[in-house]
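In what follows, a structure is listed as structure tokens, so that the remarks can point back to it.
Here is the naming used below: chain letters follow the sequence lines, and residue numbers restart at 1 for every chain.
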There are 2 protein chains.
Amino acid sequence: MDRDALGIRQVSEETGLSIDTLRWYEREGLLPLVERTADGRRRYPPGALRFIRLVQALRRTGMPVADVRRFIELGGGELAHHPERMVLLERQCAAIEQRMVELQDDLAVVRAKIAAYRGLIARGLDCEDELSEDLVDQLRTDELLAGTLPPAPSVGAEGVLRQR
Amino acid sequence: MDRDALGIRQVSEETGLSIDTLRWYEREGLLPLVERTADGRRRYPPGALRFIRLVQALRRTGMPVADVRRFIELGGGELAHHPERMVLLERQCAAIEQRMVELQDDLAVVRAKIAAYRGLIARGLDCEDELSEDLVDQLRTDELLAGTLPPAPSVGAEGVLRQR
DNA sequence: GCTTGCGCTGGAGTCCACTCCAGCTCCTAG
DNA sequence: CTAGGAGCTGGAGTGGACTCCAGCGCAAGC
């Protein structure tokens, strides 16, 4: 009946997930809605496709596979679980926002370094690290004051990533 | 002499990188500027600390360790290499910007899902996935149209988007 | 009837980025 | 003088997330 269900290859192309990954996600319990043809081939109804996109969003934003599974295991469509699921999603939202802030800080660091190099090159200078990092700092400050750089956002974001 | 050089523990606390990670980064060639005391203990001069922060920025923004190393191997402070390094950093900048866009999209997906749950709960409805994902879509669309969902970021995220 | 292509399964293998450990040295406090 | 604590090294181990593979089934095309 489901004439608009997709085969695994199409889903792979559509989502960018590899075929192997799709199968693996399914085994891991991340994709409950996948159906089968009589001879055992996977069929992805449109709902599954949408679901996959949510899973992808969660994964890409740093939620571990185990947590995604936990989220999914929170029952299929029973009203009782909606609040719980929402809490998890809201937590993830917060995490994403943090990551974005962190990302911005890091971007600022990289841009500052670029500006420093630009300055060094413009002045025909050499060394930077050991001998006169301070000079580089100075350059960066110069650039900052000159408004070449975006006004680096302040410190903050901690620990969304795994480093310890 | 370097009275303001730090020990490994302090650097660890300062940067959030574990002591083991610091040592490992060094072995891997990511931290060339680390000095030693007479009895072999690590001493991190301020320059090293700044360098670590750059490395951290690169790592956190998704550059693999191997690439960071390649970047660093591009000579220490020789003018000839600055342009190359800059190219790498600029590439990374682009990658970061892309990542931020992606993150925004994913955030939107998650928020949409939250809104969908909110809608379902408000209406006392149950199922969502298999049976009537379309309904959820519909709800999401409703919410969007009703402006219930901030089309742009919300709490804590202001200024996160540097639209450009 | 055979080959080619897609898909299936269970399990093994890989890659990355750490993280842990045993066994050692050095220093300081009691 | 001994005990404790911080660091050091080389190497082994871990966890997460895939990725690959052998061996099989089905269907279509020549």
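DNA chain D forms stems at C:1-30 with D:1-30, each a run of 3 or more consecutive Watson-Crick or G-U wobble pairs whose two key distances fall under 3.5 Å.
Within the 4.5 Å cutoff, side-chain heavy atoms of B:Thr15 are placed close to those of B:Leu49. Considering only heavy atoms from C-beta on, A:Phe51 comes within 4.5 Å of A:Pro32 through its side chain.
Every residue two or more places apart in sequence or in another chain was checked for a side-chain hydrogen bond (donor to acceptor under 3.5 Å, both in side chains) with B:Arg53, and none qualifies. Legend: residues meeting side-chain contact (heavy atoms from CB on, under 4.5 Å) with A:Leu88, ordered by chain and number and at least two apart, are A:Phe71, A:Leu74, A:Arg91. With sequence neighbours left out, A:Arg9 forms a side-chain contact (heavy atoms from CB on, under 4.5 Å) with A:Glu13, A:Ile19.
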Could I get a table of every N or O pair under 3.5 Å where one atom is in the protein and the other is in nucleotides 4-6 of chain C?
unit_1: C:dC6; atom_1: O2; unit_2: A:Arg41; atom_2: NH2; d: 2.8

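At the phosphate of C:dT9, OP1 or OP2 sits under 4.0 Å from a side-chain N or O atom of A:Arg36.
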### Task
Report the C-alpha distance between A:Ile52 and A:Gln56 in whole Å, list the side-chain angles of each, state the deciding distance to 0.1 Å, and finish with yes or no for side chain to side chain contact (heavy atoms under 4.5 Å, CB included).
CA-CA 6 Å; A:Ile52 290 170; A:Gln56 260 187 306; 4.3 Å; yes
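A donor-acceptor pair is defined here as one N or O able to donate and one able to accept, closer than 3.5 Å; such a pair exists between the side chain of A:Arg99 and the backbone of A:Thr61. Formation of a donor-acceptor pair under 3.5 Å by the B:Arg69 side chain with backbone atoms of B:Glu28 is found in this model.
Heavy atoms from other residues, nucleotides or ligands lying under 6.0 Å from CD of B:Gln98 number 12 at most.
Of the residues in residues 18-31 of chain A, those lying under 4.0 Å from DNA chain C by heavy-atom distance are A:Arg23, A:Arg27.
Atom C1' of nucleotide C:dA17 and atom CZ of B:Arg59 are separated by 7 Å, given to the nearest angstrom.
In summary, A:Arg36 and A:Glu26 engage in a salt bridge, as defined by a charged side-chain N under 4.0 Å from a carboxylate O.
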